[in-house]
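Chain letters run A, B, ... following the sequence lines, proteins first, then strands; residues in each count from 1.
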Protein chains: 2
Amino acid sequence: MRMLLRRANVVTGALDLLDAEGLGGLTMRKLGVALDVQAGALYRHFPNKEALLDAMADQLLEGVGAPLPSDLPWADQLELLGERMHTALLSRRDGARMVSGTFAPGRHTMIASRRAAQVLAEAGFPPNRAWEITFAVFYFVLGHTIEEQAQSRMPAGDDWTARLEAAGLDTHDPLAMGLKTLAAADPGRRFSYGLRVFLSGVRQHAPADAADPHEAETTRDS
Amino acid sequence: MRMLLRRANVVTGALDLLDAEGLGGLTMRKLGVALDVQAGALYRHFPNKEALLDAMADQLLEGVGAPLPSDLPWADQLELLGERMHTALLSRRDGARMVSGTFAPGRHTMIASRRAAQVLAEAGFPPNRAWEITFAVFYFVLGHTIEEQAQSRMPAGDDWTARLEAAGLDTHDPLAMGLKTLAAADPGRRFSYGLRVFLSGVRQHAPADAADPHEAETTRDS
DNA sequence: ACCTGAACACCGTTCAAGT
DNA sequence: ACCTGAACACCGTTCAAGT
């Protein structure tokens with residue numbers, strides 16, 4: 001009475017279960033129930049849970065490496081890639097934490113990485129630098145998004161006050177007020193700002209021969 | 001015949017167990033064995049495993065927020081903070097992943113954050129920007145270190161070749177060779193380079209009134 | 001006050017046996 | 001070939017009872 005179980009169904013079902021239950025509630029047994037199958041049957045498609053998580057992570061990042069508008073300056077192309085990845089990670093509950101827990105980069109992950117590295121290589125970075133910066137930017141995106149998603153499931157009131165006191169700040173310290181301002185700010189805007197800060201550092205490290213119509217300066221340090 | 005179990009002993013024992021078994025092998029029951037106690041006894045000190053993990057994470061970051069040499073330019077002070085955090089995370093197996101899995105920042109985490117935010121505030125950033133950049137840099141450190149530690153427990157041979165092919169690159173592509181160069185590189189140096197790239201972006205976003213003896217220029221974008 | 005012993009409600013994974 | 005049913009070796013957590 002049930003359609004034959006295919007690998008792709010398992011991944012889709014697992015992602016839906018992730019949305020419904022969170023990473024902690026994602027269980028082979030619950031997934032079995034959701035797919036109307038015994039838990040053991042899932043092991044025909046994946047050798048273990050980790051392999052399933054790898055596939056889920058890669059599925060999540062599917063569109064990130066799609067072609068970029070070639071009329072964009074290279075730094076803006078990177079920014080777009082970062083924003084795409086951010087959006088993809090946010091598209092499922094605990095998406096960032098799930099991806100960060102996986103080890104073997106899948107096909108879509110590699111495609112997205114290659115896209116970024118290619119942009120940087122065309123901007124004049126030597127290939128190994130291009131990859132290095134690619135990973136560095138992706139780590140930033142991942143780390144920031146993990147924290148965003150952790151924040152969103154924190155107790156609402158969540159007194160920063162107590163924590164500030166633990167750090168030796170009272171409520172009237174300007175630094176303490178800045179933190180409260182930040183906590184009230186839109187996380188998406190914070191992400192974008194951080195990404196731009198990072199990328200302006202990347203721009204500064206670009207080899208002098210990088211041609212960029214929007215940036216006449218070629219200053220860099222070290 | 002056993003010393004009275006104190007909260008700090010539990011945290012220390014848990015960190016040692018983490019080193020021995022990894023995050024996946026860190027179990028309340030195994031911790032009980034290591035501390036010569038029934039697993040249930042641990043719940044006199046921590047309401048649940050998550051609270052214990054929070055305490056472990058905070059313990060790991062203990063020294064990071066220590067005072068900084070005040071004769072250092074502010075960007076170098078931030079760099080030192082980033083390197084300290086990196087070192088702390090690497091000091092235990094799966095340290096970065098453990099920290100990234102916790103939600104409530106503890107005392108030492110707050111102290112380290114405050115230190116960074118203070119450096120930035122003194123550099124002229126408005127308080128909320130100071131916190132924003134603090135978190136952004138910390139996310140980069142966390143994300144990069146997670147990946148470093150994931151890499152270190154990967155199968156040795158681990159053919160990048162297959163993955164590159166999945167991304168549509170053959171082995172002779174210069175980009176592919178760059179990735180192999182990178183994989184052979186010292187992860188610590190990669191981290192430091194990424195951190196410096198990020199921080200040069202931060203420097204570029206500093207308000208014009210920032211006084212820094214080592215940097216005469218005050219250029220910035222946007 | 002602190003800990004034991006034992007239970008409860010789960011896990012991931014395996015594998016003979018069915019269809 | 002695909003799946004079931006049932007088991008195995010674990011989990012985190014709770015709680016009466018001991019000392």
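Under the ring pair (Phe, Tyr, Trp, His ring centres under 6.0 Å) criterion, A/Y139 pairs with B/H144, sequence neighbours left out. The salt bridge (charged side-chain N to carboxylate O under 4.0 Å, His left out) search around A/R97 returns A/D94, not counting sequence neighbours. Every residue meeting the side chain to side chain contact (heavy atoms under 4.5 Å, CB included) condition with B/R84, not counting sequence neighbours, appears here in chain and number order: B/V64, B/A66, B/L68, B/L80, B/L81. When the salt bridge (charged side-chain N to carboxylate O under 4.0 Å, His left out) test is applied to A/R107, no partner is found at least two apart in sequence or on another chain.
Rounded to whole Å, the distance from CG on A/L52 to C1' on C/dT13 is 14 Å. Distance, A/R6 CZ to D/dC2 P: 8 Å, rounded to whole Å. Counting to the nearest Å, the C1' atom of D/dT4 and the CG atom of A/D36 are 12 Å from each other. For the pair A/L42 CG and C/dC15 C1', the computed distance is 15 Å after rounding to whole Å. Remark: C1' of D/dC2 and CG of A/N9 are 14 Å apart, rounded to the nearest angstrom. The CZ atom of B/R44 sits 11 Å away from the C1' atom of D/dT14 (whole-angstrom rounding).
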Under 4.0 Å protein heavy-atom contact, by nucleotide of nucleotides 6-11 of chain C - B base, S sugar-phosphate only: -B---B

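Between B/L60 and B/L89, the shortest heavy-atom distance links the atoms CD2-CA, 4.1 Å.
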Name each donor-acceptor pair under 3.5 Å that joins a side chain in residues 186-195 of chain B to protein atoms two or more places apart or in another chain, with its distance.
{"residue": "B/D186", "atom": "OD1", "partner": "B/G188", "partner atom": "N", "Å": "3.1"}
{"residue": "B/S192", "atom": "OG", "partner": "B/E83", "partner atom": "OE2", "Å": "2.7"}
{"residue": "B/S192", "atom": "OG", "partner": "B/G188", "partner atom": "O", "Å": "3.1"}

Quiz: residues 165-172 of chain A side-chain donor-acceptor pairs under 3.5 angstrom, not counting sequence neighbours:
{"residue": "A/D170", "atom": "OD1", "partner": "A/H172", "partner atom": "N", "Å": "2.8"}
{"residue": "A/D170", "atom": "OD1", "partner": "A/D173", "partner atom": "N", "Å": "3.0"}

Indicate every side-chain donor-acceptor pair of residues 21-34 of chain B with a distance under 3.5 Å to a residue at least two apart or in another chain.
{"residue": "B/K30", "atom": "NZ", "partner": "B/G25", "partner atom": "O", "Å": "3.4"}

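Out of D/dC3, D/dT13, C/dC3, the shortest distance to the side chain of A/H45 is found at D/dC3. When each of D/dT4, D/dT13, C/dT13 is scored by its nearest atom to the side-chain atoms of A/V37, the top-ranked nucleotide is D/dT4.
Formation of a donor-acceptor pair under 3.5 Å by the A/Q149 side chain with backbone atoms of A/A96 is found in this model.
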Under a cut-off of 3.5 Å for both distances of each Watson-Crick or G-U pair, what dot-bracket string does DNA chain C give, using [ ] for crossing pairs and | for inter-strand pairs? ||.|||||...|||||.||

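In this structure, B/A41 and A/P47 both approach DNA chain C, and ranking their closest nucleotides by distance from the 5' end singles out B/A41.
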